2 protein chains.
Amino acid sequence: MAVSARRGPYICGIDAAMDVVSGKWKSLILWELDHHGTRRFGELRRGLPGVSEKMLVQHLREMEEDGLVHREVYREVPPRVEYSLTDDGRSLNEALRPLGAWGTQRSARLAAP
Amino acid sequence: MAVSARRGPYICGIDAAMDVVSGKWKSLILWELDHHGTRRFGELRRGLPGVSEKMLVQHLREMEEDGLVHREVYREVPPRVEYSLTDDGRSLNEALRPLGAWGTQRSARLAAP
DNA sequence: TGCACTACTCACCAAGCGGTAAGGATCGAG
DNA sequence: CTCGATCCTTACCGCTTGGTGAGTAGTGCA
């Protein structure tokens, strides 16, 4: 399975980071959680238009396993689950900021040549 | 096809950048070219242990299309092709540096808990 | 004569990533 | 007594990603 078979020997720090952030929605989840602080499952789903429940659960589980997000379950009815970033997740977001800026500049350059 | 069907509307700068850097060997190619300045096809292949020729060609073509690498062909026999980074490629590498540092720290943390 | 070297190109194939759809546990509302 | 809300889980399936191995062109070298 991908979840447990990952984390091979890394050649440099980049692919160690890419391993953790690769996935169609992971960077968006990171951004949502950093922006809003704490979000429930349904809030995340509504905040990421187009994501399927399966992928959202799967990515959240992997990111929890990777120590990026914290999952807090409240045993209520109906159930409530809140997700937030760990310190690792926040520092990853910090590390991603220059990349985001680069991407934004690039988008601007492509849009208006 | 993946090469031409990419570049959809981006939600934030991160996925614009991820679109360009996602691919098993792209970050390594970036690192190799940044580290060595100019490399021939065979040198890159030997520098990235495990890469298949097909993937190396494919990634180099995509990165050339994306304006990250420059391709210089010398019409000799045997043929010689040299790859180097463009300004965009170098700035992307700069933007990736914090991510690489994060990944390195994380690797260290995982290796020695 | 024939093989090697370079930088590919092409055809085929396996794995897995991601999407769709359905179900399920629990309780309040109507 | 069924419906809806919430947060998932499971099964299935197609497309993309990446790997393998073969072929190509022109010349040098044994």
Side-chain angles (χ1 to χ4, degrees), chain A residues 1-8 11 15 18-29 32-33 36 38-66 69-84, chain B residues 1-8 11 15 18-29 32-33 36 38-66 69-84:
Chain A
M1 202 190 286
V3 179
S4 51
R6 295 184 304 151
R7 277 161 274 292
I11 302 184
D15 56 342
M18 292 297 291
D19 184 12
V20 137
V21 90
S22 68
K24 193 170 176 182
W25 304 94
K26 287 203 180 164
S27 57
L28 282 313
I29 292 173
E32 272 279 307
L33 288 179
H36 292 89
T38 293
R39 298 233 94 183
R40 299 183 54 178
F41 183 83
E43 290 175 332
L44 278 175
R45 191 158 68 87
R46 285 186 289 274
L48 306 175
V51 71
S52 66
E53 294 195 346
K54 175 191 146 189
M55 286 317 298
L56 186 52
V57 172
Q58 191 173 306
H59 281 169
L60 284 170
R61 288 288 138 83
E62 288 181 18
M63 294 168 78
E64 191 192 356
E65 231 180 272
D66 289 339
V69 311
H70 173 71
R71 183 163 175 264
E72 188 83 36
V73 182
Y74 298 89
R75 299 227 149 273
E76 306 171 351
V77 169
R80 185 159 61 100
V81 184
E82 288 186 349
Y83 295 92
S84 55
Chain B
M1 203 189 291
V3 180
S4 51
R6 294 185 306 151
R7 278 161 273 292
I11 302 185
D15 57 342
M18 291 297 291
D19 185 12
V20 137
V21 90
S22 67
K24 193 169 176 182
W25 304 95
K26 287 202 181 164
S27 56
L28 282 312
I29 292 172
E32 272 279 308
L33 288 179
H36 291 90
T38 294
R39 300 234 92 184
R40 299 182 55 177
F41 182 84
E43 290 175 332
L44 278 175
R45 192 158 68 85
R46 286 185 289 273
L48 306 174
V51 72
S52 65
E53 294 195 346
K54 175 192 144 189
M55 285 319 298
L56 186 53
V57 172
Q58 190 174 307
H59 282 167
L60 284 171
R61 287 289 138 82
E62 287 180 18
M63 293 167 79
E64 190 192 357
E65 230 180 273
D66 290 339
V69 311
H70 173 70
R71 184 164 175 266
E72 188 84 35
V73 182
Y74 298 89
R75 300 225 149 275
E76 308 171 349
V77 168
R80 184 159 64 100
V81 183
E82 287 187 349
Y83 294 91
S84 55

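Bear in mind that the values here come from a model prediction, so they are computed numbers and not experimental data. First the proteins, then the strands, lettered A, B, ... as listed; each starts at 1.
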Between [atom2] of [N] and [atom1] of [X], the distance in whole Å:
X	N	atom1	atom2	result
A:Leu56	C:dA21	CG	P	18 Å
A:Leu28	C:dG18	CG	C1'	15 Å
B:Glu43	C:dC5	CD	P	16 Å
B:Arg75	C:dT6	CZ	P	18 Å
A:Glu82	D:dC7	CD	P	9 Å
A:Glu76	C:dA25	CD	C1'	16 Å

Contact under 4.0 Å: [X] side-chain N or O vs [N] OP1/OP2:
X	N	value
B:Arg61	C:dC8	yes
A:Arg40	D:dC7	yes
A:Arg39	D:dC7	no
B:Arg71	C:dC8	yes

Looking at every non-hydrogen atom in both residues, tell me the closest pair between [X] and [Y] and how far apart they are.
X	Y	result
B:His59	B:Trp25	CE1-N, 3.4 Å
B:Pro49	B:Gly47	CD-O, 3.3 Å
A:Ser84	A:Thr38	CB-OG1, 3.8 Å
A:Arg80	A:Glu82	NH1-OE2, 2.9 Å
B:Ile29	B:Leu56	CD1-CD1, 3.8 Å

Exercise for the section: Output the distance between atom NE2 (B:His70) and atom OH (B:Tyr83), rounded to the nearest 0.5 Å. Expected result: 11.0 Å

Exercise for the section: Measure the NZ-CD distance between A:Lys26 and A:Gln58 for me, rounded to the nearest 0.5 Å. Expected result: 8.5 Å

Practice task
Could you give me the CA-CA distance, side-chain angles and deciding distance for B:Arg39 and B:Glu32, then say whether side chain to side chain contact (heavy atoms under 4.5 Å, CB included) is met?
Solution key: CA-CA 8 Å; B:Arg39 300 234 92 184; B:Glu32 272 279 308; 3.1 Å; yes

Fill in the blank from the handout: 5' to 3', nucleotides 18-30 of chain D under a 4.0 Å protein heavy-atom cut-off (B base, S sugar-phosphate only, - none) gives BBB------S---

Completion exercise
Of the candidates C:dC8, D:dC8, D:dC7, the side chain of B:Tyr83 sits closest to C:dC8

Practice task
Side-chain contact test, heavy atoms from C-beta onward, threshold under 4.5 Å: evaluate it for B:Leu44 versus B:Leu60 and give yes or no.
Solution key: yes

Handout entry: Bend angle of the helix from C:dT1-D:dA30 to C:dG30-D:dC1, end axes from five pairs each (to 10°)
Key = 30°

